[in-house]
Protein chains: 2
Amino acid sequence: MVTLEDVAKQAGVSLATASRVLNGSTRQVGAALRARVEQAADELGYRANIAAQTLARGASNVIGIVVHDLTDPYFAALADGAMRAAATEGLLVMVGTTHRDPEQEIAYVRTLHAQRVRAVLLAGSRVADPAVTGRLREELARYQEGGGRAACVGQDLLGVDTVAPANRQGAAELARALAGLGHTRFAVLAGPPHLVTAADRCAGFREALDELGLPAPQVIHGPFDRDGGYAAANQVGAEVTCVFAVNDVMAVGALAAYRERGVRVPEDVSVAGFDDIVTLRDHVPALTTVRLPLKDMGARALELALNEDRPVAVEQVAGEVVLRESVRRMT
Amino acid sequence: MVTLEDVAKQAGVSLATASRVLNGSTRQVGAALRARVEQAADELGYRANIAAQTLARGASNVIGIVVHDLTDPYFAALADGAMRAAATEGLLVMVGTTHRDPEQEIAYVRTLHAQRVRAVLLAGSRVADPAVTGRLREELARYQEGGGRAACVGQDLLGVDTVAPANRQGAAELARALAGLGHTRFAVLAGPPHLVTAADRCAGFREALDELGLPAPQVIHGPFDRDGGYAAANQVGAEVTCVFAVNDVMAVGALAAYRERGVRVPEDVSVAGFDDIVTLRDHVPALTTVRLPLKDMGARALELALNEDRPVAVEQVAGEVVLRESVRRMT
DNA sequence: ACCCTCCCGGAAAGCGGTTTCCAAGTCTGC
DNA sequence: GCAGACTTGGAAACCGCTTTCCGGGAGGGT
């Protein structure tokens, strides 16, 4: 590999001068030398060794993002938003996927800490297990003690800057909207009980129904993915006229289940989701859902993480109910 | 930040010993010292500085993946496959997104080179511009000269290990299958002419029709995304009974266009795509397409890149025609 | 003309690890 | 009981770059 020393030698200058020319410095270098160095670097095909730079500078230009599953469009959108924001700051992005294993999440924070990344972004729901959350908090705290910065998209459980989707309120608004259409008997495909995002959405929905004086919904737990929605849909009681799946991907699974059983949506049963995943906007029937500005949230989380010292910030992001054809008005 | 020296001091041992205990070495360290070092590291919350390790070892444990767009499920699947494979090898992943800008792609190779990543994976179609391809090749060659490894998913145009989806053959098989159902008048929503993947799929389709003695299809160029499919669908001639969109996402756009216009699929017109994107499997009507094992391809590309020296490998990956309800049999 | 800045080039000290090379034990086998 | 082979701990060189500190020369004010 070509080193800076090779370049300096070839250009007949010192290491210091070569460094100043090639890797941005506040100091000026005379035009003649500057040209010689640049030419030498070009001829030799010099590429700075960033590991060495990081070590010498004591700061890297990499950030880390930890997501559960990149093939889940929810996380893809979040990550994409953060990556665009990172790109505008000239930062590189390291991505880790946990596949919903909290231990993996902790391990990634540790690894990213070891990498001395500038910031760590944690995307995705926390789990309700205080032991796990506690260990993650510790790991993050250690990282931050060493000057690392961190932010999270999801629940404010980690003591770091947080972009928090208003899951409860979004679900509540959705419930009110659906009730406004005349529905009274609901089911919630609620996902795993320990997943805070799922639990919050479910709770917000239930509370709103309660406030409206409507009967409590049938709550069906299961996996937080397409197949979870599919399976859960098959357990929905006959009296239910409207099903709320706590995310869009589950809602699509539920729609598939109904389609296979010959149950018409929305004629026989209405279905709503949450997130407004872009890739699913062309689904038929079009999904009623709560829109979350995922890309912005990812970008915002990065901004928060990078912003200089100030008290820990928690930003609520409101969702917007989007009524589409998967839901019908009861006469 | 806690350094190895701090740990060594606290444990009362030398730097060398501390290093050997904490960061895997071939050499043994006595149980007593080992315990002391481990305890000290734990108490202090030591995290090795990977930049320093990379520098000292001359090898990093990071790989780079360059994709066009993470929110495109095609790339998400590819990246996910590669990331899983990387995780089993204990490698970290750096992801760059180019948003289909070839300059960005080159820039990323340069940056990843500077990072001295172990391997670079380039995912996604090449463009037919020899100048751009040439510069990318050069950049890759430089990287490889320095001991870097590279592989690509797409066309064998870069002189590196390649996992090449059999776009021509897949499209040809699809054409034959569709012709077998009695279709004779086709349109191809062909994407951008300079995009090799799109061009290959289009060409394979046309050639197969030609061999069957069928009339040449109407070819409509446009963007390679959902909106491109939507727009192109509106230009399809009235005589056409079957539309081939060169990827699934475009096909979904086309379906949306037809739906809006009240054209029934498959009754009035049949539509087929390419890729068999998982997220779209629940689309209605279910999309006839050519299945590509995207995750495997991503994983395989990483394997190829990591494998020790041997001649450059090019592996064809066959697609499998999947007939679903978006296509009807002509009577 | 002289003194004081200011500017620019180079030498060298780190940054935080790894690893080679020594030296001092500790085991063996006879 | 002792030479020789192993094992284990430490000192120090080194990885490639940044940056401080110095010194010499040019420019400017009086």
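Atom set for the values below is all heavy atoms of this structure, side chains included, hydrogens, waters and symmetry mates excluded. Bear in mind the structure is a predicted one, so any value in this text is a computation, not a measurement.
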### Message
So if I take the C1' atoms of five pairs at each end of the helix from dA1(C)-dT30(D) to dC30(C)-dG1(D) and get each local axis, what angle do the two axes make, rounded to 10 degrees?
### Response
30°

Under 3.5 Å, which N/O atoms of the protein pair with N/O atoms of nucleotides 23-25 of chain D?
none

Results of side-chain contact (heavy atoms from CB on, under 4.5 Å) for [X] - residues two or more places apart only:
{"X": "Ala86(A)", "value": "Ile63(A), Leu91(A), Val93(A), Leu302(A)"}
{"X": "Glu138(B)", "value": "none"}
{"X": "Ala82(A)", "value": "Ile65(A), Leu121(A)"}

### Query
Among pairs that include at least one residue of residues 69-79 of chain A, which meet side-chain hydrogen bond (donor to acceptor under 3.5 Å, both in side chains), considering only residues two or more places apart or in two chains?
Asp69(A)-Thr71(A)

### Message
Show me the pairs that pass side-chain hydrogen bond (donor to acceptor under 3.5 Å, both in side chains) and involve residues 142-155 of chain B, at least two apart or across chains.
### Response
Gln155(B)-Thr197(B)

### Message
Taking CD in Glu43(A) as the centre, count heavy atoms belonging to other residues, nucleotides or ligands within less than 6.0 Å. Is the count above 12?
### Response
yes

### Query
What pairs meet the ring pair (Phe, Tyr, Trp, His ring centres under 6.0 Å) rule with one or both residues in residues 36-73 of chain B, with sequence neighbours excluded?
His68(B)-Phe75(B)

### Query
Can you list the residues that meet the salt bridge (charged side-chain N to carboxylate O under 4.0 Å, His left out) rule with Arg110(A), with sequence neighbours excluded?
Glu139(A)

### Query
If you walk 5' to 3' along DNA chain C, what is the first nucleotide with an atom under 4.0 Å of a heavy atom in chain A, and what is the last?
dC8(C) to dG16(C)

### Query
Taking 4.0 angstrom as the limit, do Arg100(B) and Glu105(B) come out as a salt bridge?
no

### Task
Look at Arg135(B) together with Asp129(B) and state whether they make a salt bridge at an N to O cut-off of under 4.0 Å.
no

### Task
Any chance you could list the contact pattern along nucleotides 12-18 of chain D? Use B for base contacts, S for sugar-phosphate-only contacts and - for none, protein heavy atoms under 4.0 Å, 5' to 3'.
---BBBB

### Message
Any base atoms under 4.0 Å from Gly58(B), or only sugar-phosphate, or nothing? Heavy atoms, all strands.
### Response
nothing

### side-chain contact (heavy atoms from CB on, under 4.5 Å) between Asn61(A) and Gln115(B), worked out
CA-CA 10 Å; Asn61(A) 63 156; Gln115(B) 291 278 349; 3.8 Å; yes

### Query
Any salt bridge (Lys or Arg N to Asp or Glu O under 4.0 Å) pairs touching residues 84-97 of chain A, not counting sequence neighbours?
Asp80(A)-Arg84(A)

